[in-house]
Visitor: 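Pasting a structure here, questions to come.
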Protein chains: 2
Amino acid sequence: MIPLYFKIYQQVKDDISNNVYPANSFLPSENELVAQFHTSRDTIRKALAKLDEEGLIQKRRGKGSQVISHQLRHFPISGLTSFHELKQLQKFQVVTEVPIFERITVTTGTKNITLFPVGTPLFHIVRVRIIDGIHSVIDEDYIRSDVISNLTKDIAQHSIYEYIEKSLNLSVAYAEKTITAQLITNRDRELLVGLPEEENRLIQVESQGYLADTTYFQHTIARHRPDQFQFDEFARRQTT
Amino acid sequence: MIPLYFKIYQQVKDDISNNVYPANSFLPSENELVAQFHTSRDTIRKALAKLDEEGLIQKRRGKGSQVISHQLRHFPISGLTSFHELKQLQKFQVVTEVPIFERITVTTGTKNITLFPVGTPLFHIVRVRIIDGIHSVIDEDYIRSDVISNLTKDIAQHSIYEYIEKSLNLSVAYAEKTITAQLITNRDRELLVGLPEEENRLIQVESQGYLADTTYFQHTIARHRPDQFQFDEFARRQTT
DNA sequence: GAGTGGTCTAGACCACTTG
DNA sequence: AAGTGGTCTAGACCACTCC
């Protein structure tokens, strides 16, 4: 069941992209929208709040809700969008190689790369993403195999997120990410064929993934070829 | 006037940091909080929504609101926090040099670095941030001088954001940021004294800043020494 | 003063989790 | 069946913008 406020949100969003409400124009007032959609003001406000969060509109007391003009809009990132989803949105040719696909168990001996406790059974998956012929990213995943079962190399070649959400019907709730620039290792050079010699660092996006029940289930280290890396964000100033 | 829901948000947030509600425990139910604070459920829900956004709690229907255990919590980033605020939070010794502070006007001849239209009067400010003795960041700002007036070198040495918000009483509403890795120029090497020779890229955070009335007023290009760069984010999976 | 969005209330029903 | 959070309603007052 799709909530009413969500439908209204979608409707208005569509209207914005179809220039029914062009950039810099104002949406109808909340009261007018109440009349249009035959609903309560609170429901309208929830819909507008979502648009505000996403950076599509800017609300101002006493004035109204103004459509924000877009620069960055084409890249609907931030949030937890997965690699596969992202690249699909933008017609890139992507090939995924899976040089490592194995089951391991966390031991005291293991370099403590992950935050998983000793004894946790994991999938360890390394994937190389080749975008339009360029070896661009190394994705290294550690995923709890007691939570996400029956992963296969085939699934890894497509989208693990999609499998988790659509097939297992679990939902990835949130993640903590850290972006740094790390020195290139020999293994990096082996995997990222064609990486220019003068580069000495890769851009690393490390993230911890959690399910809705707050289970920590996934640790991913994505290492990007620096000239192929871009991260976009829409940020609202905290009123805190 | 501070809204009630905001006070409740702060109260609960404090209680979380003071371990009144430890990690992984559940907050009192919304109905219980209604009784505790003698208010309506909607007000409680607004307070909890804010905590949810910030990644302090995870709400689950039928269960309750669970306190999320923190890894990354110490670094309350994401959003639009300025450099100065950030570094202050974490007791670093910061020195700021201001090698360039000038007024310019956008001309057709100008390399179109910024998105400002021709004729816009700007401050052009270059700052170098020296953190604990290490030349770490070059901040290059282009700020509309017809919007932000009376900027001085002295203000630039402290925090421009603080000046805008506290002295001009304007509010920075939102920004679009892009993170990339850019090749090092000769000017970069001159400004970032001590930058190791083997480095060939800096991490660039480019951002466009907008006021609450959607005026585009600031373009900043921050170039970070790669071994000094870190960007942390808490991201919720979009339900879109 | 009229119109806007921001806060707050009190109540209702629903979907989900747990015993 | 009882308790939880999620949605929705209808109304009130306030702070702000603009004329």
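Chain A is the first sequence line, chain B the second, and so forth, proteins listed ahead of strands; every chain is numbered from 1.
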Visitor: Apply side-chain hydrogen bond (donor to acceptor under 3.5 Å, both in side chains) to residues B/Q10 and B/D14 and explain how you reach the verdict.
Guide: CA-CA 6 Å; B/Q10 285 180 315; B/D14 283 351; over 6 Å; no

Visitor: Check the angle between the aromatic planes of B/F229 and B/F231 and answer parallel, tilted or perpendicular using the 30° and 60° thresholds.
Guide: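 Geometry flag for B/F231 against B/F229: parallel rings.
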
Visitor: With a 4.0 Å cut-off on heavy atoms, is B/R60 in touch with a base, just the backbone sugar-phosphate, or nothing at all?
Guide: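 Result for B/R60 = sugar-phosphate.
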
Visitor: With under 30° as parallel and over 60° as perpendicular, where do the rings of A/F116 and A/Y216 fit, or are they tilted in between?
Guide: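 Rings of A/F116 and A/Y216: parallel, as their planes differ by under 30°.
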
Visitor: Would you classify B/L48 as touching base, sugar-phosphate or nothing, given that sugar-phosphate means primed atoms plus P, OP1 and OP2, and contacts are heavy atoms under 4.0 Å?
Guide: nothing

Visitor: Among residues 33-40 of chain B, which ones have heavy-atom contacts with DNA chain D below 4.0 Å?
Guide: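 Per residue number, the list is empty: none.
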
Visitor: Using 0.5 Å steps for rounding, measure from the NZ atom of B/K13 to the CG atom of B/N18.
Guide: 12.5 Å

Visitor: If only side-chain N and O atoms count, and only distance matters, is there a donor-acceptor pair under 3.5 Å linking A/E140 with A/H219?
Guide: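 Absent: no donor and acceptor within the cut-off.
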
Visitor: What are the bounds, 5' to 3', of the part of DNA chain C that sits under 4.0 Å from heavy atoms of chain B?
Guide: C/dT7 to C/dT18

Visitor: Is there a donor-acceptor contact under 3.5 Å linking the side chains of B/S40 and B/D42?
Guide: no

Visitor: Name all residues meeting the side chain to side chain contact (heavy atoms under 4.5 Å, CB included) criterion together with A/L151; count only those two or more places apart in sequence or in a different chain, and write none if there are none.
Guide: A/F101, A/F123, A/I125, A/I143, A/I148, A/I155, A/I160, A/Y163

Visitor: Both A/K63 and A/I2 contact DNA chain D. Taking the nearest nucleotide for each, which residue is further toward the 5' end?
Guide: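 It is A/I2 whose nearest nucleotide is closer to the 5' end.
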
Visitor: Is a donor on one side and an acceptor on the other found under 3.5 Å between the side chain of B/Q157 and the backbone of B/T96?
Guide: yes

Visitor: Output the rounded distance in Å from CZ (A/F26) to P (D/dT17).
Guide: 12 Å

